[in-house]
Amino acid sequence: MRLSSSFLPTLKEVPAEAQIVSHRFMLRTGMVRQMSSGIYAWLPAGLRVLNKIADIVREEQEAINAQEVLMPTLQSADLWKRSGRYDAYGPEMLRIVDRHKRDLLYGPTNEEMITDIFDQFVTSYKGLPALLYQIQWKFRDEIRPRFGVMRGREFYMKDGYSFDVDYDSAVVTYHKMMLAYLRTFQRIGVKAIPMLADTGPIGGDLSHEFIILAPTGESGIFFDSAFADQNWLEMPVDIADKDSLASFFKRMTSFYAATDEKHDEVEWDKVPVERKCEGRGIEVGQIFYFGTKYTESMDVSVTGSDSKKIYPHMGSYGIGVSRLVAAIIESSHDENGIIWPDAVAPFKAVIINLGMKDQACKDVCESLYKTDPENFLYDDRDERAGAKFADADLMGHPWQIIVGPRGVAQNIVEIKRRKTGMRAEVPVDQIIEYMASHQD
RNA sequence: CGGGCAGUAGCGCAGCCUGGUAGCGCAUCAGUCUGGGGGACUGGGGGUCGUGGGUUCGAAUCCCGCCUGCCCGACCA
């Protein structure tokens, strides 16, 4: 994309309402614009990141055979009255009345709706397990929205739902989801640690929150640093084999990790002092087994092999996609701006033309740009070098390809890695190759 | 929902106390110079002063209501 003809405005000064670093950078880089309390418009730079995260989430869901659906944001209140949650959910649910005086609501989550859909199509245990997900906007009327998209009222979320024939089968699904989540966060480029979460009235140990380390996080966290040292990507996991999944699950959850709410001093003391890590974190996902809560309350059943009625065991699995955008920035930035992980950066690299009046510079920039116009941002503005560098650092592109008259005369451009600050002079025709072979 | 604060140009702010021509910086536009880390100079454009009412010859300024937003707390992907 050519910067001169793009809608990619940056700000030198920050709107006063932005308190935390991710919010400030998101506003300064023109990723989002607040439209109302806790409600944001996503502008091109922000949307690109949002979509990249969603794509990774999608691929990892498909990898465990979850299938994508898209449910409406508006739901009928009747559905929620069936489960009993219409009254239970409280003022956090945005309720709407249409012209016929019918009660609707803007979905804060979709257990009822997915259960209803499931009910209409699956009538036999042979239809199980079923694993569906969507990536859709949700609305929760938070008492006090804050921190930009970190805690907005409207947010973009991946929500998955599973239906299994019994508890044992549901556990296998849960294990698969643990795997998918760890892979998802790994690919996105953040370190998310699964921590035992409150399971509510169901009990058991089948709910985990995934927490990203960030000093500005809302939850205090305690964890065994041995988790971070796990090279689990090299551990073979066969998703068709429940024992393989179970041993993977056991390994990934065997280290102490808890938020301050669930912190247990006795267990914590068993962790060797040198491995004790305390800090703050941001919750970016949660997985949850809740048994037959909705299938029973909504009377949704299938016929078992013995012709008897079975209430499928359900689980739900969320990833806060829009929150992740902010969480990534919280955990990856410096005083000059964002440092995007490669996988989710809005652009792979920015081509900084320092010789806008130099034909040779322009030619080099153009030919480079044309090799991948979708992923290169070409800063072809008639700005001074300082402004271009400042914007490049602010926007956090993983690579900066600096094209100036001095280097071009020798057929060389300078390349800078945002993450490390590493700089190198590279022959023009080797740039693409250089980036591919120097990811760290 | 309790406590605090704020709405003046796209953004950051001053002016309000003590009523009388609506200002500054950044951004933006035109031009000249400049050209490897947000450069300089000159000249422009841009305002229902959140909103409704009241007081007054006269209201951004004083008074009352309302709306919106932000911060702290209790609650949450």
Side-chain angles (χ1 to χ4, degrees), chain A residues 9-20 23-24 27-30 33-39 43 53 57 89-93 107-110 135-160 181 192 197-198 207-212 217-219 259 261 281-288 316-327 335-337 352-358 361 379 381-395 400-408 413-414 416 421 423 425:
Chain A
T10 57
L11 264 41
K12 252 184 176 173
E13 286 172 303
V14 206
E17 75 263 16
Q19 298 297 310
I20 62 168
H23 192 194
R24 297 170 71 87
L27 291 169
R28 286 192 60 199
T29 56
R33 174 83 180 179
Q34 181 170 326
M35 294 291 109
S36 169
S37 178
I39 298 176
L43 307 180
I53 294 171
V57 168
Y89 215 90
E92 213 174 78
M93 183 156 76
T109 180
N110 287 57
I135 301 177
Q136 175 64 293
W137 293 94
K138 306 287 185 296
F139 195 95
R140 294 184 193 173
D141 201 356
E142 293 281 340
I143 298 171
R144 181 151 95 85
R146 66 185 116 173
F147 304 147
V149 299
M150 186 82 81
R151 173 85 68 85
R153 291 193 292 173
E154 188 184 41
F155 56 97
Y156 201 45
M157 180 184 179
K158 189 283 293 189
D159 47 320
Y181 270 46
D198 205 344
S207 181
H208 286 84
E209 293 179 337
F210 292 79
I211 310 267
I212 287 182
E218 295 190 79
S219 323
T259 59
E261 289 168 356
I282 300 163
E283 184 188 343
V284 292
Q286 181 163 14
I287 57 179
F288 207 124
S316 75
Y317 317 90
I319 292 179
V321 177
S322 49
R323 170 179 285 188
L324 256 171
V325 177
E335 67 279 7
N336 296 322
I352 300 176
N353 187 347
L354 296 183
M356 286 304 294
K357 293 199 169 71
D358 183 306
C361 277
D379 192 345
R381 296 173 302 171
D382 186 19
E383 287 287 344
R384 296 173 64 87
K388 292 189 178 188
F389 289 136
D391 272 345
D393 286 345
L394 178 64
M395 292 281 291
Q400 294 172 18
I401 301 169
I402 303 156
V403 181
R406 287 198 312 245
V408 166
V413 296
E414 186 177 340
K416 175 183 162 186
R423 291 164 182 276
E425 296 200 326

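Just so it is clear, the structure is predicted and the values come from calculations on it, not from any experiment. Sequence lines set the chain letters: A, B, ... in the order given, protein chains first and strands last, and positions in each chain run from 1.
In this structure, the side chain of A:R153 does not engage the main chain of A:I39 through any donor-acceptor pair within 3.5 Å. In this structure a side-chain-to-backbone donor-acceptor pair under 3.5 Å is missing from A:K158 to A:V321. Remark: the backbone N or O of A:G160 is not paired with any side-chain donor or acceptor of A:S316 at under 3.5 angstrom.
Residue side chain A:Q34 does not reach the base of B:G69 through any donor-acceptor N/O pair under 3.5 Å, judged by distance alone.
A:E13 places its CD atom 14 Å from the C1' atom of B:A14, with the value rounded to the nearest Å. Atom-to-atom, CD of A:E17 to C1' of B:C5 comes out at 14 Å; the value is rounded to the nearest Å. Per the geometry, CE belonging to A:M35 stands 13 Å off C1' belonging to B:G69, to the nearest Å.
The gap from the C1' atom of B:A60 to that of B:A14 amounts to 12 Å, rounded to the nearest Å. Going from the C1' atom of B:G3 to that of B:G50 covers 23 Å, rounded to whole Å. Rounded to whole Å, the separation between the C1' atoms of B:A9 and B:U28 comes to 11 Å. Taking the C1' atom of each, B:G10 and B:A40 are spaced 24 Å apart, rounded to whole Å. Taking the P atom of each, B:C63 and B:G20 are spaced 15 Å apart, rounded to whole Å. For the C1' atoms, the distance from B:U68 to B:A59 is 22 Å, rounded to whole Å. For the C1' atoms, the distance linking B:U8 with B:U51 amounts to 14 Å, nearest Å. Straight-line distance between the C1' atoms of B:U61 and B:U21: roughly 15 Å, to the nearest whole Å.
Note on A:V321: nothing from the nucleic acid sits closer than 4.0 angstrom, heavy atoms only.
When both distances must be under 3.5 Å, the Watson-Crick or G-U wobble mate of B:G73 is B:C1. Of the nucleotides present, B:C67 is the one that pairs with B:G7 by Watson-Crick or G-U wobble criteria, both distances under 3.5 Å. A 3.5 Å limit on both hydrogen-bonding distances identifies B:G20 as the Watson-Crick or G-U partner of B:C57. B:A40: Watson-Crick or G-U partner is B:U32, with both key distances under 3.5 Å. Pair assignment for B:A27: none, as no Watson-Crick or G-U wobble contacts are both less than 3.5 Å.
Counting heavy-atom neighbours within 6.0 Å of A:E92 CD, excluding the residue itself, gives a total above 12.
The closest side-chain heavy-atom distance from A:R423 to A:I402 is below 4.5 Å.
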### Message
How would you summarise protein contacts on nucleotides 33-45 of chain B per nucleotide, using B for base, S for sugar-phosphate only and - for none, with heavy-atom distances below 4.0 Å?
### Response
-BBBBBB------

### Where protein sits on nucleotides 72-77 of chain B, one letter per nucleotide: B base, S sugar-phosphate only, - none, heavy atoms under 4.0 Å
BBBBBB

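Atom CD1 of residue A:I282 and atom OG of residue A:S219 lie 8.5 Å apart, to the nearest 0.5 angstrom. A distance of 9.5 Å separates CD of A:Q286 from OH of A:Y181, quoted to the nearest 0.5 Å. To the nearest 0.5 Å, atom CD of residue A:E218 and atom CE of residue A:M150 are 7.0 Å apart. The CG atom of A:L394 lies 11.5 Å from the CZ atom of A:R24; values are rounded to the nearest 0.5 Å. One finds the CZ atom of A:R33 at 8.0 Å from the CG atom of A:L27 (value rounded to the nearest 0.5 Å).
Phosphate contact (OP1/OP2 of B:G69, side-chain N/O of A:S36, threshold under 4.0 Å): present.
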